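These values consider heavy atoms only, across backbone and side chains, with no hydrogens, waters or symmetry-generated copies. Just so it is clear, the structure is predicted and the values come from calculations on it, not from any experiment. Counting convention: from 1, in listed order, for ligands and their atoms alike.
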Amino acid sequence: MIEIKNVSYKIGEQQILNNVSLNIPQNGITALIGANGAGKSTLLSLMARLRPLVSGSIAYNGRDLASTPTAEVAKILSILTQENSIHSRISVRDLLMFGRFPYHKGQPKPEDYAIIDNAINQFQLHDLAQRYLTELSGGQRQRALIAMVFCQQTEYVLLDEPLNNLDMYYARQLMQLLRQLTHEHNRTTVVVLHDINMAAAYADHVIAMQKGEVKFSGSPDEVFTVENIKLLFDMDVDVLDYQGKKLIVHHI
Ligand SMILES: Nc1ncnc2c1ncn2[C@@H]1O[C@H](COP(=O)(O)OP(=O)(O)OP(=O)(O)O)[C@@H](O)[C@H]1O
């Protein structure tokens, strides 16, 4: 479980997070949803210690994040941020090997190569493996970066808007793969999603944020109601039942 207790965060005079407390269940996919500016990315970056925690606490399986050495943190959690723009001339294959660095420390072993080959297969990167990141389209680069995160094989995976730049085919493929990799390896994946139908279809748990606070937390069935979506996004929508999942009709 990830335990977040009384986390507040300010930038200048602006209160970005206001006393956020929540428990993210162990094993499975938790979707973090909410309007632009709600504080999702800020919370994720505090959870990965990319920003220093100034108040409150965050613990992974009872282990306090603030007092865990950096080398240990790299083996507990991995993160894909929205700012993951790598401009150096590095090939996709080398990028994936870079993800293994906390384990091989510059001297890859056969198991590191095996993990990378596997990721190239799973993320359908064969045609891109030798190409430089700078030569890829936005969506291709995004897939490579997500594959790198998975090569780190951490118990906790934090992904900020992984569907950015992905077309319909790869967006669905990624969510299916996320679900498969999360459940097969008993991982805990926290994913910021703007596409609430993807959250409804693939998440086990949903956390909805608004103005720096957690508004709702529960199963997709509990969170995705007409009333909650009105409150979160100020939109009138229909919520349908489709193949056992909620389908939110919001585009017409
Ligand atoms: N470096 C910064 N300086 C000033 N304000 C910031 C900074 N970073 C974020 N903010 C503000 O913090 C608030 C929360 O931003 P955050 O990126 O966490 O929201 P979000 O829910 O992830 O939004 P989005 O869905 O648009 O990505 C916003 O009001 C944003 O303008």
Side-chain angles (χ1 to χ4, degrees), residues 2-24 29-58 60 65-66 73 77-87 138-139 141-143 145-146 149 156-168 170-171 174-175 178 188-203 205-218 220 223-224 228-235 237 246 248 250-251:
I2 310 174
E3 259 179 297
I4 299 171
K5 275 194 205 151
N6 306 114
V7 169
S8 293
Y9 194 79
K10 268 183 160 187
I11 298 181
E13 284 309 298
Q14 196 188 348
Q15 191 77 41
I16 310 292
L17 295 177
N18 186 17
N19 206 25
V20 170
S21 290
L22 66 101
N23 292 335
I24 295 179
I29 298 181
T30 291
L32 209 49
I33 65 154
N36 287 142
K40 307 176 295 294
S41 297
T42 306
L43 182 62
L44 216 63
S45 63
L46 290 168
M47 287 167 64
R49 226 169 61 177
L50 298 180
R51 291 174 191 262
L53 201 58
V54 270
S55 71
S57 65
I58 297 176
Y60 287 78
L65 182 66
V73 173
L77 65 91
S78 48
I79 184 166
L80 173 83
T81 68
Q82 287 194 52
E83 294 89 43
N84 254 326
S85 50
I86 297 178
H87 298 292
R141 196 175 309 125
Q142 182 78 346
R143 279 163 48 214
L145 288 164
I146 296 163
V149 169
Y156 297 94
V157 178
L158 314 178
L159 303 170
D160 197 352
E161 261 304 305
L163 304 183
N164 263 352
N165 290 317
L166 298 189
D167 68 27
M168 271 196 308
Y170 283 116
L174 175 69
M175 292 310 296
L178 268 191
T188 302
T189 301
V190 184
V191 53
V192 175
L193 289 173
H194 278 297
D195 185 336
I196 52 178
N197 281 315
M198 285 297 196
Y202 291 98
H205 191 79
V206 178
I207 291 164
M209 293 185 67
Q210 188 176 51
K211 296 184 181 151
E213 297 183 358
V214 172
K215 270 281 173 228
F216 308 109
S217 173
V223 173
F224 292 123
N228 290 356
I229 290 168
K230 174 75 178 167
L231 200 141
L232 289 169
F233 297 101
D234 194 22
M235 279 178 74
V237 299
K246 293 292 172 197
I248 299 103
H250 58 84
H251 56 294

Polar side-chain atom of Asn197 near backbone of Ile248 as donor-acceptor pair, under 3.5 Å
yes
Locate the shortest heavy-atom distance separating Pro162 from Leu174; write the atom from each residue and the value.
CB-CD2, 3.8 Å
If hydrogens are left out, which of Val192, Leu17, Leu44, Ile11 has an atom nearest to atom 1 (N) of ligand 1, that is, the closest non-hydrogen atom?
Ile11
Least distance between heavy atoms, Leu163 atom then Gln142 atom
N-NE2, 4.3 Å
Is the shortest distance from a heavy atom of Ala35 to ligand 1 less than 4.0 Å?
yes
Just to check, does Gly39 reach to within less than 4.0 Å of ligand 1 when the distance is taken from its heavy atoms?
yes
I need the single residue from Val7, Ile4, Ile11, Val214 that forms a side chain to side chain contact (heavy atoms under 4.5 Å, CB included) with Leu17. Which is it?
Val7
Main-chain N/O of Met209 paired with Lys40 side-chain donor or acceptor, under 3.5 Å
no
Just jot down the ligand 1 atoms closer than 4.0 angstrom to any heavy atom of Ala38, in number order.
19 (O), 20 (P), 21 (O)
Are there protein heavy-atom neighbours of atom 30 (C) of ligand 1 below 4.0 Å?
no
List ligand 1 atoms under 4.0 Å from Ile16, heavy atoms only on the residue side.
11 (C), 12 (O), 13 (C), 14 (C)
Proximal candidate to atom 15 (O) of ligand 1 [heavy atom criterion; set Thr42, Leu43, Leu193]
Thr42
Nearest non-hydrogen atom to atom 20 (P) of ligand 1 belongs to which of Lys40, Met209, Arg51?
Lys40
For atom 26 (O) of ligand 1, find the nearest protein heavy atom and state the residue, atom name and distance (0.1 Å precision).
Asn36 ND2, 3.0 Å
Ligand-residue contact atoms, ligand 1 with His194, heavy atoms, under 4.0 Å:
25 (O)
Can you tell me if Gln82 contacts ligand 1 (heavy atom of the residue under 4.0 Å from the ligand)?
yes
Might you point out which heavy atoms bring Ala35 and Phe233 nearest each other, and give the distance in Å?
N-CE2, 3.6 Å
Would you mind reporting whether Ile24 and His205 have side-chain heavy atoms less than 4.5 Å apart?
no
Determine whether a donor-acceptor pair (N or O, by modelled atom type, separation under 3.5 Å) exists between the side chain of Gln82 and the backbone of Asn164.
no
Compare Gly212, Ser41, Gly37 and give the one whose heavy atom is closest to atom 22 (O) of ligand 1.
Ser41
